[in-house]
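Since the structure comes first, as structure tokens, the remarks are kept for the end.
To find a chain, count down the sequence lines: A is the first, B the second, and so on, and within it residues start at 1.
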There are 2 protein chains.
Amino acid sequence: MDEKKKPSIVDVAKWAGVSTATVSRVINHNGGYSRETEEKVKKAVNECEFTPNANAIGLRTNKSRCIGVIVPDVTNEFFARIIQELDFYLLKHKYSLLICNSNEGYELENMHIRGLIEKHIDGIVYISGQNEIKHTGKIRNIPVVYIDRAPKNAEMLIMSDNQEGGYLATREMVRKGCLRILLLRDVRCASTIRYRKEGYLRALREGNIPYNEELEVSCFPEYAQARSVMDRLMKSRGCFFDGIFATNDMMALACINVLLEAGVKIPEEVKVVGFDNISLTRFTSPQITTITQDTRQMALAAGSTILKMIQKKEIREKTTIIPVTLEVRGTT
Amino acid sequence: MDEKKKPSIVDVAKWAGVSTATVSRVINHNGGYSRETEEKVKKAVNECEFTPNANAIGLRTNKSRCIGVIVPDVTNEFFARIIQELDFYLLKHKYSLLICNSNEGYELENMHIRGLIEKHIDGIVYISGQNEIKHTGKIRNIPVVYIDRAPKNAEMLIMSDNQEGGYLATREMVRKGCLRILLLRDVRCASTIRYRKEGYLRALREGNIPYNEELEVSCFPEYAQARSVMDRLMKSRGCFFDGIFATNDMMALACINVLLEAGVKIPEEVKVVGFDNISLTRFTSPQITTITQDTRQMALAAGSTILKMIQKKEIREKTTIIPVTLEVRGTT
DNA sequence: GTGAAAGCGCTAACAC
DNA sequence: GTGTTAGCGCTTTCAC
């Protein structure tokens, strides 16, 4: 065993006085060896401080035990939470997570995908973040699990029950007496948003409240844009609503700040519900009522699905819907 | 060239009518071939849709073009921003980023490190997040760059100019007339916090304001803890300060909410400055004055340093200090 | 300027 | 139950 080099399985074999095949068998728990040799080998492994060479294994088996995750923006807490849970789940299964931040950009995404392919990663988790999927077809022969949105030909999809979320959010306000509930929605035509709106409509119907087109306002799903839209609305038409369902928490926060600054009382005069339950919703005053997307379950579903695909196990459901919950707090 | 299998350099060599050695040379721009063969090979590479097998390269060269990043919590925006920039920088240099979320846990971190070693990653970026570095010595022969904090025997360290940050924050309040500036500090004894306090003291000295021990309050650096500490303080002693320097933005936010709820006017009666400039500081009302840690420069420094170490280039500075800036907003 | 061939560390098929 | 060995795809030395 060389002084400088890392010990290989050959070194271990020599040390234990067995063949490399036997060492390999023991390491991989493949059976076909006696209790005795097992001990010998394990001892040798420890004493040599042997660690397997993933590159060699990968080359030999065409597996890398790496999963790539493509994400529009790690900086977004919702995505970060998914990554965190995914990392934890995969670590337990001895997989590594390669992070690919696309910044919502086509070019970065493609560079990343190219890198992933060269690295022979075993699978990809693709978190779309409501934007269009652009790469379609570029990824071949690699299992892909989509979270949130997926291209038509996609195999596997994990998503929250957005319809139910929209419903729960709106029902909460209806039950508490709101009659003119503003829908402040992400302007982008994502299916997730469409579902949330369906839920909103369902809750209105259930409460015998007619849908009013004037109460639907679109804007880009960022704080700044939501703020200016609400500012303009308040200036031009005043507070003509008694509830707001914002399709994400940042927009909800923008509403709350605008209303509070205009002297409107929350939740007495206007109630507000957001979506996502990012941590920020607990750091405001009042704290924001919102819909929890269960990032943990989403990550778990994505992780176990991708592992199953890698192992070519059969998967019953192509689409997994993760339940959402209403978090009642100070704004309703 | 097999139908199902990915083409290897053997296929390309056959296609181009040259040897694998030549293909390798062309691919790696190693010179020693004619303009003519270069064209032939390049053409073959394209037509075969050849992508190199990173495992084979890694096995042969003992390089993986992978960098691991160990981070206490991806969900923390400050860390996420560093990861984002690092990912971008490394992508440009054709390196991949393996994410290792330690959740501030010893065990997870070690599992991750073990995985990184097996994967023969080329380097590690270690973002400590002010907690102690525990692994010391476990990582051998792998270049490591530390961000924020480093163990004694560490080679490379990137950090913000925390002293200057504390100074700028405090000076801003001194200049605007504050005389009793509360220091709400992270209770953990990290060097970063120590530096920030030094800056605070320097600004006081400069303003001829005596340091008052009673104005230094410690707590865990989370919103909830900061809130309850401030709540208690206000209940027991009222508002005996006219400024607060909180050593991170979450604590600053907690202060602001407590004060606002108690009817204290910000910034008229009390001014507040945070630290980090997380995006949340712009989503509050009033927006929070804070110190920007330049995550982009930190990531750039970490990225270029780790690449230099990998290439065994000499590095002048062991420690890189990244400048910080004061962001004046509504709370001062 | 180009090719032949060894070998990186490992697994798995086959032999015993 | 264990050993021998071929070969995964690539780089690199050594010939020519």
Side-chain angles (χ1 to χ4, degrees), chain A residues 1-2 4-42 44-45 48-66 94 117-122 141, chain B residues 1-2 4-42 44-45 48-66 94 117-122 141:
Chain A
M1 196 165 66
D2 195 313
K4 304 241 57 167
K5 261 175 68 294
K6 287 190 55 178
S8 79
I9 155 168
V10 177
D11 302 308
V12 178
K14 280 193 194 130
W15 224 107
V18 297
S19 73
T20 58
T22 299
V23 175
S24 172
R25 284 192 271 257
V26 172
I27 289 172
N28 297 300
H29 311 102
N30 279 345
Y33 44 79
S34 66
R35 191 100 199 86
E36 197 181 357
T37 32
E38 181 178 355
E39 288 312 322
K40 262 197 307 194
V41 171
K42 281 185 172 168
V45 163
C48 295
E49 294 187 340
F50 168 77
T51 44
N53 181 325
N55 280 323
I57 299 173
L59 177 58
R60 194 50 236 249
T61 60
N62 247 317
K63 299 248 154 300
S64 62
R65 289 198 98 77
C66 278
K94 298 196 170 296
I117 291 172
E118 289 185 11
K119 292 247 155 60
H120 281 231
I121 47 109
D122 299 337
N141 305 324
Chain B
M1 195 165 67
D2 195 313
K4 304 241 57 168
K5 263 174 70 288
K6 288 190 52 178
S8 78
I9 122 171
V10 178
D11 302 307
V12 177
K14 280 192 194 131
W15 224 108
V18 298
S19 72
T20 58
T22 299
V23 175
S24 172
R25 283 192 270 257
V26 172
I27 289 172
N28 296 301
H29 311 103
N30 279 344
Y33 42 80
S34 66
R35 193 101 198 83
E36 197 182 357
T37 31
E38 182 179 355
E39 288 311 321
K40 263 196 306 192
V41 170
K42 279 185 173 169
V45 164
C48 294
E49 295 188 337
F50 168 77
T51 42
N53 181 324
N55 280 323
I57 299 173
L59 177 57
R60 193 47 235 249
T61 61
N62 247 317
K63 300 247 154 301
S64 62
R65 289 197 98 76
C66 280
K94 298 196 169 297
I117 291 172
E118 290 185 10
K119 291 248 153 60
H120 282 233
I121 47 111
D122 300 336
N141 304 324

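- Spacing between atom CD of A/E118 and atom P of D/dG9 amounts to 15 Å, rounded to whole angstrom units.
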Distance-only check: which donor-acceptor pairs under 3.5 Å involve side-chain atoms of residues 21-29 of chain B, not counting sequence neighbours?
from, atom 1, to, atom 2, distance (Å)
B/T22, OG1, B/S19, OG, 3.3
B/S24, OG, B/N28, ND2, 3.4
B/N28, ND2, B/S24, O, 2.9

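- Between the CZ atom of B/R65 and the C1' atom of D/dC10 there is a distance of 15 Å, given to the nearest Å.
- Within the 4.0 angstrom heavy-atom criterion, base atoms lie near A/I9.
- Residue B/K63 contributes atom NZ, which lies 16 Å from atom P of C/dC8 at whole-angstrom precision.
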Legend entry - Per-nucleotide protein contact string for nucleotides 1-7 of chain C, where B marks a base within reach and S marks sugar-phosphate only (heavy atoms under 4.0 Å, - for neither): SBBBBBB
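- With rounding to whole Å, A/E39 atom CD is found 15 Å from D/dG1 atom P.
- Classification of B/K40 and B/E36 as a salt-bridged pair fails, no side-chain N sitting under 4.0 Å from a carboxylate O.
- If you measure from atom CG of B/D11 to atom C1' of D/dC10, you get 13 Å, rounded to the nearest angstrom.
- No more than 12 heavy atoms of other residues, nucleotides or ligands sit less than 6.0 Å from atom CD of A/E49.
- Put simply, CD1 on B/I9 and CG on B/N53 are 11.0 Å apart, with the number rounded to the nearest 0.5 Å.
- Distance CD1 (A/I57) to C1' (D/dG7): 16 Å, rounded to an integer number of Å.
- Going from atom CG of A/L59 over to atom P of C/dC8 covers 13 Å, rounded to whole Å.
- No hydrogens or angles considered: a donor-acceptor pair under 3.5 Å links the side chains of A/K6 and A/T51.
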Legend entry - Worked verdict on A/K63 versus A/I57 for side chain to side chain contact (heavy atoms under 4.5 Å, CB included): CA-CA 7 Å; A/K63 299 248 154 300; A/I57 299 173; over 6 Å; no
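- Contacts of B/N28 with the nucleic acid, taken as non-hydrogen atoms under 4.0 Å apart, involve only primed sugar atoms and P, OP1 or OP2.
- Between A/F50 atom CZ and C/dG9 atom P there is a gap of 10 Å when expressed in whole angstrom units.
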